[in-house]
Number of protein chains: 2
Amino acid sequence: MARRIGRRPGNPDTRATILAAARTTFAERGFDQASIRAIAATAGVDPALVHHYFGSKDKLFLAAMNAPADPAKVVPTILAGDPDQIGERLVGAFLSIWDSPAGTPAVALLRSAVSNEWTARLLREFLTTQVLRPVLDHLDVDPAQAPLRGSLVASQLFGLAMARHVLRLEPIASAAPETLISSVGPTMQRYLTAPLEGQPPHRRSRVTPPEG
Amino acid sequence: MARRIGRRPGNPDTRATILAAARTTFAERGFDQASIRAIAATAGVDPALVHHYFGSKDKLFLAAMNAPADPAKVVPTILAGDPDQIGERLVGAFLSIWDSPAGTPAVALLRSAVSNEWTARLLREFLTTQVLRPVLDHLDVDPAQAPLRGSLVASQLFGLAMARHVLRLEPIASAAPETLISSVGPTMQRYLTAPLEGQPPHRRSRVTPPEG
DNA sequence: CGCACAATTCAACTACCGTTGAGTTAAACA
DNA sequence: TGTTTAACTCAACGGTAGTTGAATTGTGCG
């Protein structure tokens, strides 16, 4: 079992090089469009070596996604402090993730989740169990309303990340974090804590849909 | 030039059948993942016939995207009426598009824009010139703030559509339109008309980013 | 009828894709 | 030195992609 003879892990750089190439390629193209061959080429390596290290494309993706921002460390920082500013702190923490080393795998996960059911489930479970549930629990939100509030928050954060980092819609793409914090923070605050049904939609205010 | 002999456009159904198959396939899988071969199979037709009619996959996509909800007809309905309810009417009109015949190509465009730069530009220009600009003009928004307000609106609407129709995040995916109108409408209203810089972010309220 | 021409199909080309298995190289130990 | 073992390469497999050009079908017209 504990045989320790034979060639040592000669060049441990290679594994990390492949992982880095995988992260950027997945981020640029998403899971489906990123090919193992392209990743291997970026890493300057034979495609078969990727399989040698990671076994399959799925496992490579999982390995590349490891060590995104650990929510267990970020979430408490959001919760601490004035409850009225949780919305702003949430947006600030969210934005700062993309400028950190975790930003690349985050974009990768985001891009992939749209066209790949498997990665979509990955993102969904990560968001709900690691981020939304702790925040909603901490705020003592009515459990009957928590799912709607949580998915509203997720929809705005998702749209914000998409506009800023995937679609690159200006001026959101280049805006200072402070601008987005003061703009979107109150939205988060409202989704989290303000009464949602208190103000029902104005009576008969809907626009008639196109005929069909 | 004006020779009119030979076989007539024998079965004009076929072209429409292919277009319909293209729309649903693009909507289900997005531009990249939708194959001409799959579209042809859905239409019960040879892949080469698709090229015969549409020339290339790009042109087929453009043809399939034609006749989404004509914004020239929808936008005025949003603008008419109480300016304080424009947010709600905007969300209502937006939601109703997806339940109309235009919903299928809309989902297709949405899905494709994420992983394909070409379709992303298509969606971006459609949104800004056909929807956001008219609304902002009508509201006499400060031109210096209009782009930010417009892209904030777009980010929330985009996130809403994604959550509801692509990621199918519950309970947004199954919520009644009225629920979403009363929840998201005020957000739109605020992005469009409320002072954005009036309340700067609370001083030093940002969460420290992960080191890097 | 038989010609013209659109509708439609067939087979094939090139180009990638993920994956596999066998083969080569070289570093560490006995 | 020689064995062991991991690092790494090569060539190929079966599959799917968009696209192409030649061949076939069938209908209307002179």
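Residue numbers begin at 1 in each chain, while the letters A, B, ... track the order of the sequences.
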Distance check needed: [N] [atom2] versus [X] [atom1], whole Å only.
X: R37(A); N: dC10(D); atom1: CZ; atom2: P; result: 14 Å
X: D46(B); N: dT24(D); atom1: CG; atom2: P; result: 15 Å
X: F31(B); N: dA17(D); atom1: CZ; atom2: C1'; result: 12 Å
X: F61(A); N: dT19(C); atom1: CZ; atom2: P; result: 14 Å
X: F26(A); N: dG18(C); atom1: CZ; atom2: C1'; result: 12 Å
X: R29(A); N: dC16(C); atom1: CZ; atom2: P; result: 11 Å
X: I39(A); N: dG18(C); atom1: CD1; atom2: C1'; result: 11 Å
X: Q33(B); N: dC17(C); atom1: CD; atom2: C1'; result: 12 Å

Tell me whether the side-chain N/O atoms of [X] come closer than 4.0 Å to OP1 or OP2 in [N].
X: S35(B); N: dA17(D); result: yes
X: Y53(A); N: dA6(D); result: no
X: H52(B); N: dT8(C); result: no
X: T14(A); N: dC8(D); result: yes

Per H51(B) side chain, nearest of listed nucleotides dT19(C), dG18(D), dT9(C):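 So the nucleotide nearest the side chain must be dG18(D).
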
Minimum-distance nucleotide (side-chain atoms of I36(B) versus dT20(C), dT19(C), dG18(D)):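 Closest nucleotide among those given: dG18(D).
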
Closest non-hydrogen atom pair between F54(A) and L19(A), with its separation: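 So the two residues come closest at CZ-CG, 3.8 Å.
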
Residue pair A38(A) / R29(A): nearest heavy atoms and the distance that separates them: CB-NH2, 3.7 Å

Parallel, tilted or perpendicular: rings of W98(B) and H165(B) (30°, 60°): parallel

Member of T187(A), L136(A), V141(A) meeting the side chain to side chain contact (heavy atoms under 4.5 Å, CB included) criterion with L192(A): L136(A)

Evaluation steps, side chain to side chain donor-acceptor pair (under 3.5 Å), between E88(A) and S182(A): CA-CA 7 Å; E88(A) 292 186 357; S182(A) 67; over 6 Å; no

Sugar-phosphate, base or nothing in reach of A38(B), heavy atoms under 4.0 Å: nothing

Position toward the 5' end of DNA chain C (nearest nucleotide), A48(B) or D58(A): A48(B)

